[in-house]
Amino acid sequence: MSILNILSRTKLYWGLIAIFLIGVLGSPISSKGNNIFLSYGNLLDVLRQVSITGLIATGMTAVIITGGIDLSVGSLMAICTVVCAMLLTVPGVTPAVVLGVPTVAVIALCLGILVTRFIFLNIEKSRAGSQATHDIRLDSVRGLVTPGIVGVVLCSLVLWFLLPQAGSKFGVLGVLLVAPCVGLLFGALNGFIIVAGRLQPFIVTLAMMVTALGIARLTAGQNNAVLPVYTGSNATADFEILRSLVFGVIPMPGLFFLGAILIYGAVLRFTPFGRYVYAIGGNEEAARLSGIAAGRVKIATYAVSGLLAGVAAVLYVAQYRQGKPDAGAGLELDAIAAVVIGGTSLMGGRGSLIGTFCGVLIFGLLSNILQLHNINSNLQLVLKGMIIIGTVLVQERNAFDLLFYLRLPGGKAAHKETTAAKRPSKETPSLNLGGNKK
């Protein structure tokens, strides 16, 4: 393998290293002569700040790999922050309780049924061995009765845990259960409409973005633009744990982000579901003809995207001590930018969560460097936009084409090479689709 090929495959890591070195070499120096960028507190702040965007980007990665897009994650996070803050601070039956508790009950019921059926189906497949497994059918006891009983039991346990809290104020475990489930419900609804209605993900998620924003405002109430959360005062003191440092080393939001990257990355890398995600992004029709339940897989990716938006919402409330209907404004664009910088193709079929992790860190380190140098916030947006465009040009290997069109050095030779590679061979017969016969 040539050096150029190695550099091409590792360009993302070189970009991360380059940004880090720029931060180190150009960092301001404190009054004690210490490098501010390299200070432990500054690096912890970077990880803490990127964790919320990173959770959103983690779910967005699988959606984009399937060839879709999710513009609603910012609004879904916003509605989940409102639900979380209201559950923590307002006792009694509130709009958040009415929205959240039934949602958790329904999801628990469906989860119990689906997991039980999945277990029974895999047992039957293992018994069938190398024989065809597509025609396996479960009897009524294992296919309907037992999964239904498991679902009802799980639903009852969830209600037993949540209903007593509805009379007072919810604790940490309660909001960590309710808020992600609300996000999962809206995410699954996105996927269902896209699959069942055969609509473009851009349109569906754009409509959901507006709808979720309206629901968030209705849930918060017209007089509540912000729902403050003060641990130990109007909310449980245990909620402070989501702001703490784990073992005094890593911030809790960073632990959630790293855990999501590792778990979802392993799922995409080592499970059939992950292979299905990449197959659908590469060619959905071919994946469907090969027996993949493309619709179910796409619904699952949007559901997980909504679930991680709900987790990010709880961490947002813990970090900023508030929930508000516009909490996630513009966050979906930051997440998409981080995913694209990480090498995931917007055309689908290509990408990885390790790339998204690097993209999130690049975005976070860049923002931190600009803030340390007191760069105007508007100029920061301009610089970020230019970096996103440049990164996409490099990732899609169109940078040399741009150099050629601008008549810049280095573009002519590379353009000839790419054109020659795309030109069909002379030995390849051309198809005559209704043209004049020679």
Side-chain angles (χ1 to χ4, degrees), residues 6-24 26 37 43 46-71 73-74 77 202 254 257-258 260-262 264-265 268-269 277-278 281 301 305 308-309 312 328 330-372 375 377 379-402:
I6 295 176
L7 291 176
S8 177
R9 293 190 176 189
T10 60
K11 59 187 175 221
L12 181 62
Y13 306 105
W14 288 109
L16 179 58
I17 293 172
I19 288 290
F20 189 82
L21 289 177
I22 291 172
V24 173
F37 178 82
L43 295 179
V46 171
L47 181 58
R48 189 187 296 273
Q49 291 169 7
V50 303
S51 295
I52 293 175
T53 303
L55 283 168
I56 301 292
T58 300
M60 184 75 73
T61 302
V63 171
I64 293 179
I65 290 175
T66 63
I69 197 76
D70 191 353
L71 300 178
V73 285
M77 195 195 86
F202 179 88
F257 173 41
L258 294 176
I261 284 285
L262 292 175
Y264 207 17
L268 293 180
R269 180 68 177 83
V277 167
Y278 283 97
T301 59
S305 179
L308 292 177
L331 191 59
E332 63 279 348
L333 301 181
D334 289 342
I336 293 172
V339 172
V340 173
I341 288 175
T344 299
S345 173
L346 288 172
M347 302 301 293
R350 177 165 57 87
S352 66
L353 277 177
I354 186 62
T356 296
F357 178 72
C358 292
V360 170
L361 289 183
I362 289 173
F363 219 67
L365 290 174
L366 176 63
S367 299
N368 182 255
I369 292 170
L370 296 176
Q371 290 172 4
L372 289 178
I375 303 297
S377 59
L379 181 57
Q380 289 187 31
L381 296 176
V382 174
L383 293 175
K384 288 180 182 179
M386 294 174 63
I387 290 174
I388 292 171
I389 292 175
T391 304
V392 174
L393 284 172
V394 173
Q395 296 291 355
E396 300 297 334
R397 299 180 182 178
N398 294 328
F400 288 119
D401 290 340
L402 180 62

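- For D334, there are no side-chain hydrogen bond (donor to acceptor under 3.5 Å, both in side chains) partners, not counting sequence neighbours.
- Rounding to the nearest 0.5 angstrom, the gap separating the CG atom in L366 from the CG atom in L16 is 11.5 Å.
- From I19, atom CD1 reaches atom CG of N368 across 11.0 Å, with rounding to the nearest 0.5 Å.
- Closest approach of A62 and V277 over heavy atoms only: O-CG1, 3.9 Å.
- Taking each heavy atom of D70 and S305 in turn, the nearest pair found is OD2-OG, 3.1 Å.
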Where do T61 and Y264 land on the side-chain contact (heavy atoms from CB on, under 4.5 Å) test, with the steps shown first? CA-CA 10 Å; T61 302; Y264 207 17; over 6 Å; no
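- Residues F363 and V50 form no side-chain contact, since every pair of their non-hydrogen atoms from C-beta on lies 4.5 Å or further apart.
- We find the CD1-CD1 distance between I336 and I64 to be 5.5 Å, quoted to the nearest 0.5 Å.
- Side-chain atoms of F257 and T53, non-hydrogen and from C-beta on, never get closer than 4.5 Å to each other.
- Contact check for I17 versus L21: side-chain heavy atoms found under the 4.5 Å cut-off.
- When all heavy atoms are compared, the tightest approach of A57 to V339 is O-CG2, 3.5 Å.
- If you take CG on L365 and CG on L372, they are separated by 10.5 Å, rounding to the nearest 0.5 Å.
- The residue from L71, V73, I65, L308 that alone fulfils the side-chain contact (heavy atoms from CB on, under 4.5 Å) condition with M60 is V73.
- Although no hydrogens or angles enter the test, the distance criterion places no donor-acceptor pair under 3.5 Å between the side chain of T301 and the main chain of V63.
- At a threshold of 4.5 Å between non-hydrogen side-chain atoms, the residues L379 and L370 do not count as touching.
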Hey, mind stepping through I52 and M77 against side-chain contact (heavy atoms from CB on, under 4.5 Å) and telling me if it holds? CA-CA 10 Å; I52 293 175; M77 195 195 86; 3.8 Å; yes
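- One distance of note links CD1 of I369 with CD1 of I375; it measures 10.5 Å at 0.5 Å rounding.
- A pairwise comparison of heavy atoms in L55 and A260 identifies CD2-CB, 3.6 Å as the closest pair.
- Contact detail for G351 and T344: the closest heavy-atom pair is CA-OG1, 3.5 Å.
- Listed here is the closest heavy atom pair of L353 and I261: O-CD1, 3.8 Å.
- Remark: S367 pairs with K384 by the side-chain hydrogen bond (donor to acceptor under 3.5 Å, both in side chains) rule, at least two apart or across chains.
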